[in-house]
Amino acid sequence: MIDIKLLRSDKERFYNSCRARGFDLNILDEFFSLDLKWRENLKILNTYKHDKNIITADISSLVKKGENIDNLKLEVEKINKKISLLEEEQNDIESKRNELARLIPNLLAEDVPICKGDENSKLVRYVGNARVFKDDIENFREGSGNSKDYTVIDKKPVDHQTLMEKYNLADIERAGKIAGSRFYFLKNRLFKLELALINYGVDFLSQRNFTVMEPPFMINYASMSGATDIETFKESLYKIEGDDLYLIATAEHPLASMLSGEILEESELPLRVSGVSPCFRREAGAHGRDTKGIFRVHQFNKIEQFIYCRPEESWDFFDELVKNSEDIYKSLGLPYRIVNICSGDLGSLAAKKYDIEVWYPSQGKFREVVSASNDTDYQARSLNIRYRAKDGNKFAHTLNSTAIATERVLVAIMENFQEDDYIKVPDVLVPYTGFSRIGMDDI
RNA sequence: GCUGGGAUAGCCUAGCCCGGUAAGACGGUAGAUUCGAAAUCUACUGCUAGAAAUAGCUCGGGAGUUCAAAUCUCCCUCCCAGCGCCA
């Protein structure tokens, strides 16, 4: 949620930011007209209530003296009628106004590239040495800023669903039978590789001062609505029938709402927490995209980084989050690029977002594996997360970033490290898997 | 799931039975005092509207009774104790 006082006092900034995002400016106009009416009504309402308070105080003293109060009662009754009439209108205006306010997105950071659609995000850097199929060279060079760090391969790389079939690593069909499309059974060494990835990620973040934890996989409406936006409710979230519970779409949701309503000591900040959880997503807007395999599924596992910090430090911690994630992909030996996501493609909570995209040889494309956002005070305000500063309580800043979305990374490992009759396991994972290859009939 | 107890401001706590301006410690900020600090004293110390004076709101959440609700009634959430069930 944006700062309503700031919105009133610095309209131009919000109009510019919203325009760059392609946000409907009529919503801002409507907000301001409702807010004006709300403030006018509030003034009137308060004078009514003041009048009433004076009379009830009189009644109180008359009652003590044992005198008659019937006339005053009638007067209060009249005022009460006026109050309840106006209050009804005011509540209506207030809830409409607040609903609109909740739609207004965070202010953009200054270095966010401006764009209308999606394809104007800016390359930050490319790192690694990608295996690029000879027909995909142009794609690669365009996506990597004309990098020369790649190796051409003449044989078309096999896609992950074929590899999973070949080495007996998943059962998509039966998952479809019992749950529907976009589900999977992970089997054998692919499943063990996932466990290894999770353990590796947990150790990795633990060494970088994150408190690692397993959060609740379901949270209530109040927490969810504070942690995310309307769009996510519509597109992503599963609701539990009969209970006030939603399945989390990322560990960010419980990690953010964990401290809702709390006031932190300044000395506790920064607070680095990490959550490992399954993520449940309806993928309502993704019909027909990435329908094969385990690339885009309704349930996947993810290790998430989350930081609460003081406002003046949040951009440093944004860099820290990106570096942590980047180091993970470097250590796995996966070629990736980092992209500064442009204004039109940014979620409403984020002031700025970097994606890390790994090269997928069979697709001949960089695809997202990490999303790192600085939500500044937007999320903290919705969740009422403050810290005690010298000059009063202030909203903290919150940041989040994927560390490892395991299914996406499994696909990347299979595709990037495929050999003719096995898949090579990244060296850093071998201590966790106990095997260095995935081949035929391996168990 | 059952029975009982509880939730008051940053924190601790009074008020509840018996309805009438939410009292008091602690902590925090500023000032006085001091060479400086401690101690002491004074003021301020939630939210909303307002340039301000000021006014309104605020006792876990919601509804009701009443001229008037922290206080009475009903519903809900969470915490504690005991019992029951359970991986």
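Values below: all heavy atoms of this structure, side chains included; hydrogens, waters and symmetry mates excluded. Below, chain A is the first sequence line, B the second, and so on; all start at residue 1.
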>> Which is more 5' along RNA chain B, the nucleotide nearest A/Arg39 or the one nearest A/Ile69? Just name the residue.
In response: A/Arg39
> Whole-Å distance between B/rC67 C1' and A/Lys64 NZ?
Replying inline: 15 Å
>> Taking only the P atom of each, what is the distance from B/rU3 to B/rC74 in whole angstrom?
In response: 14 Å
>> Expressed as a whole number of angstroms, how long is the span from A/Glu75:CD to B/rU66:P?
In response: 19 Å
> Among side-chain atoms of A/Asp29 and A/Tyr15, is any donor-acceptor pair under 3.5 angstrom?
Replying inline: yes
>> Below the 4.0 Å mark, does B/rA55 have OP1 or OP2 next to a side-chain nitrogen or oxygen of A/His50?
In response: no
> Just checking A/Lys78: base, sugar-phosphate only, or nothing, at a heavy-atom cut-off of under 4.0 Å?
Replying inline: nothing
> In whole angstroms, how far is the P atom of B/rC67 from the NZ atom of A/Lys82?
Replying inline: 18 Å
> So which nucleotide from B/rU48, B/rG56, B/rC67 ends up closest to the side chain of A/Trp38?
Replying inline: B/rU48
>> Please name the nucleotide paired to B/rU65 by Watson-Crick or G-U wobble geometry with both distances under 3.5 Å, or report none.
In response: none
> In the strands shown, is B/rA32 matched to any nucleotide by a Watson-Crick or G-U wobble pair with both distances under 3.5 Å, and which?
Replying inline: B/rU40
>> Could you identify the nucleotide paired to B/rG10, looking across every strand shown and requiring Watson-Crick or G-U wobble geometry with both distances under 3.5 Å?
In response: B/rC26
> Across the strands shown, which category fits A/Leu42 at heavy-atom distances under 4.0 angstrom: base, sugar-phosphate, nothing?
Replying inline: sugar-phosphate
>> Rounded to whole Å, how long is the line connecting atom CZ of A/Arg388 with atom C1' of B/rG10?
In response: 4 Å
> What distance, rounded to whole Å, do you find between the two P atoms, one in B/rA70 and one in B/rU65?
Replying inline: 16 Å
>> Say we look at B/rC86 and B/rG5: how far apart would their C1' atoms be, to the nearest angstrom?
In response: 25 Å
>> Partner lookup for B/rA49, please. Criteria are Watson-Crick or G-U wobble with both distances under 3.5 angstrom; report none if nothing qualifies.
In response: B/rU54
> Once the angle between the rings of A/Tyr221 and A/Tyr246 is folded into 0 to 90°, is it parallel (under 30°), tilted (30 to 60°) or perpendicular (over 60°)?
Replying inline: tilted
>> Taking pairing as Watson-Crick or G-U wobble with both contacts under 3.5 Å, can you name the mate of B/rG1, or confirm there isn't one?
In response: B/rC83
> Looking at the side chain of A/Lys73, which of B/rG20, B/rG56, B/rC67 is the nearest nucleotide?
Replying inline: B/rC67
> A/Ser331 and A/Tyr200: side-chain donor and acceptor closer than 3.5 Å?
Replying inline: yes
> Say you pick atom C1' in B/rG60 and the same atom in B/rU71; how far apart are they, in whole Å?
Replying inline: 16 Å
> So what does A/Arg8 hit on the nucleic acid, given a heavy-atom distance under 4.0 Å: a base, only sugar-phosphate, or nothing?
Replying inline: sugar-phosphate
>> Give me the atom names and distance for the closest heavy-atom approach of A/Thr406 to A/Leu197.
In response: O-CD1, 4.1 Å
> How far does the C1' atom of B/rC47 sit from the matching atom of B/rA22, given to the nearest Å?
Replying inline: 16 Å
> Taking CG from A/Leu245 and C1' from B/rC78, how many angstroms apart are they, rounded to a whole number?
Replying inline: 14 Å
> When rounded to the nearest Å, what value does the distance between C1' atoms of B/rC18 and B/rC26 take?
Replying inline: 32 Å
>> Any carboxylate oxygen within less than 4.0 angstrom of a Lys/Arg side-chain nitrogen, looking at A/Glu87 and A/Lys49?
In response: yes
> If you measure from the Lys or Arg side-chain nitrogens to the Asp or Glu carboxylate oxygens, is any gap between A/Arg8 and A/Asp35 under 4.0 Å?
Replying inline: yes
> With a non-hydrogen cut-off below 4.0 angstrom, is A/Asn80 in contact with a base, only sugar-phosphate, or nothing?
Replying inline: sugar-phosphate
> Nearest nucleotide by nearest heavy atom, which residue falls closer to the 5' end of RNA chain B, A/Ala389 or A/Asp35?
Replying inline: A/Ala389
> Of all heavy-atom pairs between A/Glu368 and A/Ser371, which one has the smallest distance, and what is that distance?
Replying inline: OE2-CB, 3.7 Å
> How is A/Asn53 classified with respect to the nucleic acid when contacts are heavy atoms under 4.0 Å: base, sugar-phosphate, or nothing?
Replying inline: sugar-phosphate
>> Using Watson-Crick or G-U wobble geometry with both distances under 3.5 Å, which nucleotide pairs with B/rU71?
In response: none
> Which nucleotide, in any strand shown, forms a Watson-Crick or G-U wobble pair with B/rG19, with both distances under 3.5 Å?
Replying inline: none
> If you measure from the C1' atom in B/rA53 to the same atom in B/rG36, how many Å do you get, rounded?
Replying inline: 40 Å
>> Please determine whether a side-chain nitrogen or oxygen atom of A/Lys5 lies at a distance below 4.0 Å from atom OP1 or OP2 of B/rU48.
In response: yes
> Between B/rG56 atom C1' and A/Gln90 atom CD, what is the distance in whole Å?
Replying inline: 12 Å
> To the nearest Å, how far apart are A/Ile44 CD1 and B/rC57 P?
Replying inline: 16 Å
>> When the P atoms of B/rG20 and B/rA69 are compared, how many Å lie between them, rounded to an integer?
In response: 11 Å
>> From C-beta outward on A/Ile263, which listed nucleotide comes closest to its side chain: B/rG20, B/rG10, B/rA55?
In response: B/rG10
> Do A/Ser401 and A/Asn324 get their side chains close enough for a donor-acceptor pair, meaning under 3.5 Å?
Replying inline: no
> NZ of A/Lys52 versus P of B/rU21: gap in Å, rounded?
Replying inline: 15 Å
> Looking for any heavy atom pair under 4.0 Å, which part of the strands does A/Lys49 touch: base, sugar-phosphate only, or nothing?
Replying inline: sugar-phosphate
